[in-house]
Amino acid sequence: MTSPSQFSPDHPIPIQQRIFGARDLFSLWFSLGIGLMVLQVGAMLAPGLGLAGAVLAIALGTGVGVLLLGAAGVIGSDTGLSAMGTLKLSLGSHGARLPALLNLLQLVGWGAFEIIVMRDAASLLGARAFGEDSAWNSPMLWTLCFGALATLLAVSGPLAFVRKVLRAWGIWLLLGACLWLTWNLFAKADLAELWNRAGDGSMSLAVGFDIVIAMPLSWLPLIADYSRFARNGKHVFGGTVVGYFIGNTWLMSLGVAYTLAFAASGEVNALLLALAGAGMGIPLLLILLDESEKAFADIHSAAVSTGVLLPLKVEHLALAIGVLCTLIALLAPLAQYENFLLLIGSVFAPLFGVVLMDHYVVRRRRLPAQVNGLHWQALVAWFAGAVAYHLIAAKAPELDATLPALLLAGVLHGLLSLNRGRETVQA
């Protein structure tokens with residue numbers, strides 16, 4: 001079988017290579033919805049919103065986000081193209097270069113953050129098991145180990161991992177870890193008291209919604225890199241929506257509850273210590289190992305995005321990007337993570353408002369007769385949506401900015417592209 005990394009971002013996957021079904025997509029996106037970073041976003045929400053408010057923000061943000069994510073995934077199965085390849089259909093061959101560059105930057109950031117999160121958790125587990133002075137408590141050691149693992153997976157590609165590892169047995173280990181952490185919470189915490197305890201008001205529900213929805217939206221610019229290996233749009237949509245919603249909502253809610261019950265300071269290390277105390281740290285270890293999949297996906301898709309900009313092999317690009325992510329992880333702090341999430345929403349939410357409008361309404365899920373160098377209508381709509389996002393966030397921070405920006409960009413693109421839709425779409 002041809003390795004997926006050998007396929008060009010600009011050419012459709014051959015139909016015989018589109019082997020992913022609903023179970024594959026459910027396993028992939030359930031796994032991608034789970035992770036240490038997801039738990040830590042829950043910890044971020046906990047003080048300001050409390051358990052009840054945070055769960056509401058999680059359910060709303062994840063629910064809206066996965067519907068958009070599933071719709072974007074269907075574009076990959078409709079066209080067989082990578083995520084950046086599909087952007088050329090909406091923005092033009094030259095217009096797609098800017099989002100490809102932005103996607104590269106944000107995926108490098110995500111990849112580095114994943115390695116940081118894995119490093120911190122592994123150092124904590126090493127210190128608990130072997131002592132503070134042990135070599136297993138070395139942040140540099142774990143950074144290099146997880147960076148190398150993620151890079152190796154990214155170079156090898158996703159097909160074998162999903163079919164032979166994740167779907168076969170990996171998902172069952174993750175389910176076991178989630179169930180154990182849930183049982184431990186119910187056994188040791190007073191959930192009724194936590195539910196009735198109000199947050200301190202330092203975060204509004206709208207800001208919490210924006211932070212949560214940034215998690216599924218962060219996968220919008222790369223979901224087609226995986227859904228293009230499926231041929232049935234219904235399977236893509238259903239597997240993605242159900243899998244990611246269950247995984248993300250479950251783990252993020254656990255992050256909120258564990259923070260309030262066992263790590264009231266809300267600091268990252270306090271939450272990790274609380275998690276490490278459940279089941280001798282085994283559930284945390286399993287989630288830690290699963291985190292490497294997210295870093296792999298970020299690095300692999302960053303390489304695919306770079307393939308739109310540079311005529312180099314994806315394998316070589318993945319190797320270089322993996323090394324870069326590892327170096328950033330050695331130097332970068334985690335302090336600006338919340339701002340990083342909000343920035344992602346401001347750029348890619350309006351972009352995919354344009355892409356979704358173009359694919360489903362303007363072109364009605366059909367391929368364009370030709371891909372021109374620049375579709376100015378799409379770029380104008382994208383820019384207007386991004387500006388609207390920042391204006392709303394600055395002038396009315398109590399309101400959600402993500403959905404208005406996405407809707408504005410999509411509607412504006414639809415209005416500007418009426419003639420393009422009639423003239424260039426082929427059956």
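Note: hydrogens, waters and symmetry copies are ignored here, and every other heavy atom, side chains too, is used.
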Please examine the side chains of Ile321 and Leu104, heavy atoms only from C-beta on, and report whether any two atoms are closer than 4.5 Å. yes

Which heavy-atom pair separates Leu107 from Ala302 by the least distance, and what is that distance? CD1-N, 3.4 Å

From Leu379 atom CG to His94 atom NE2, the distance as rounded to the nearest 0.5 Å: 12.0 Å

Using 0.5 Å steps for rounding, measure from the OG atom of Ser301 to the CD1 atom of Ile223. 10.5 Å

Donor-acceptor pair, distance only, cut-off 3.5 Å: does the side chain of Ser123 make one with the backbone of Asp120? no

Is there a side chain to side chain contact (heavy atoms under 4.5 Å, CB included) between Leu153 and Ser292 once you walk through the steps? CA-CA 9 Å; Leu153 292 173; Ser292 62; 4.3 Å; yes

Checking the side chain of Trp382 only, and the main-chain atoms of Gln377 only, is there a donor and an acceptor separated by less than 3.5 Å? no

Starting at NZ of Lys88, measure out to NE2 of His375 and round the result to the nearest 0.5 Å. 11.5 Å

Return the CG to CD1 distance between Leu81 and Ile75, rounded to the nearest 0.5 Å. 10.5 Å

So do Leu45 and Met252 actually touch side chain to side chain, heavy atoms under 4.5 Å? yes

So does Ile15 get a backbone contact from the side chain of Arg231, meaning a donor-acceptor N/O pair under 3.5 Å? yes

Does CZ in Phe383 sit with more than 12 non-hydrogen atoms of other residues, nucleotides or ligands closer than 6.0 Å? no

What are the two closest heavy atoms between Ala401 and Ala393, and how far apart are they? CB-N, 4.2 Å

Phe296/Leu149 under side chain to side chain contact (heavy atoms under 4.5 Å, CB included): CA gap, chis, key distance, verdict: CA-CA 8 Å; Phe296 132 74; Leu149 175 60; over 6 Å; no

Tell me, do Arg364 and Val361 make a side-chain contact under 4.5 Å, heavy atoms counted? no

Nearest 0.5 Å, please: how far is OG1 in Thr306 from CG in Leu317? 5.5 Å

Do the side chains of Trp29 and Ile246 get nearer than 4.5 Å, heavy atoms only? no

So Arg97 and Leu101, side chain to side chain contact (heavy atoms under 4.5 Å, CB included) or not? Walk me through it. CA-CA 6 Å; Arg97 292 182 178 274; Leu101 178 60; over 6 Å; no

Any side-chain heavy atom of Tyr360 sitting closer than 4.5 Å to one from Val74? yes

Trp110 versus Glu114, side-chain donor and acceptor atoms under 3.5 Å: no

With sequence neighbours excluded, give me every side-chain hydrogen bond (donor to acceptor under 3.5 Å, both in side chains) pair touching residues 62-78. Thr62-Asn248, Asp78-His359, Asp78-Arg365

Before giving the answer on side chain to side chain contact (heavy atoms under 4.5 Å, CB included), spell out for Leu179 and Trp250 the whole-Å C-alpha distance, their side-chain angles and the decisive distance to 0.1 Å. CA-CA 10 Å; Leu179 288 170; Trp250 193 353; 3.7 Å; yes

Closest non-hydrogen contact found for Tyr389 with Ala405 is CB-CB, 3.7 Å

Classify the ring geometry of Phe30 against Phe26: parallel below 30°, tilted from 30° to 60°, perpendicular beyond 60°. parallel

Looking at side-chain heavy atoms only, is the closest gap between Met84 and Val304 below 4.5 Å? no

Closest contact, heavy atoms only, Gly50 versus Val256: O-CG1, 4.2 Å

Parallel, tilted or perpendicular: ring planes of His300 versus Tyr226, cut at 30 and 60 degrees: tilted

Side chains of Val117 and Gln40, heavy atoms from C-beta outward: is any pair under 4.5 Å? yes

Heavy-atom nearest pair, Phe229 first then Gln17, reads CD2-O, 3.8 Å

Interatomic distance, CG@Leu39 vs CG@Leu251, rounded to 0.5 Å, equals 4.5 Å

Do the side chain of Asp225 and the main chain of Ser82 share a donor and acceptor less than 3.5 angstrom apart? no

Any donor-acceptor pair under 3.5 Å linking the side chain of Arg228 with the backbone of Thr79? no

Val108 and Asp298, any side-chain heavy atoms less than 4.5 Å apart: no

Ser417 to Val362 - nearest heavy-atom pair and separation: O-CG1, 3.8 Å

What side-chain donor-acceptor pairs closer than 3.5 Å can you find for residues 324-331, not counting sequence neighbours?
{"unit_1": "Thr326", "atom_1": "OG1", "unit_2": "Gly322", "atom_2": "O", "d": "2.8"}

Tell me which donor-acceptor pairs under 3.5 Å the side chains of residues 66-73 have, and how far apart each pair is, sequence neighbours excluded?
none

Give a yes or no on whether the backbone of Ser27 and the side-chain of Ser31 come within a donor-acceptor separation of less than 3.5 Å. no

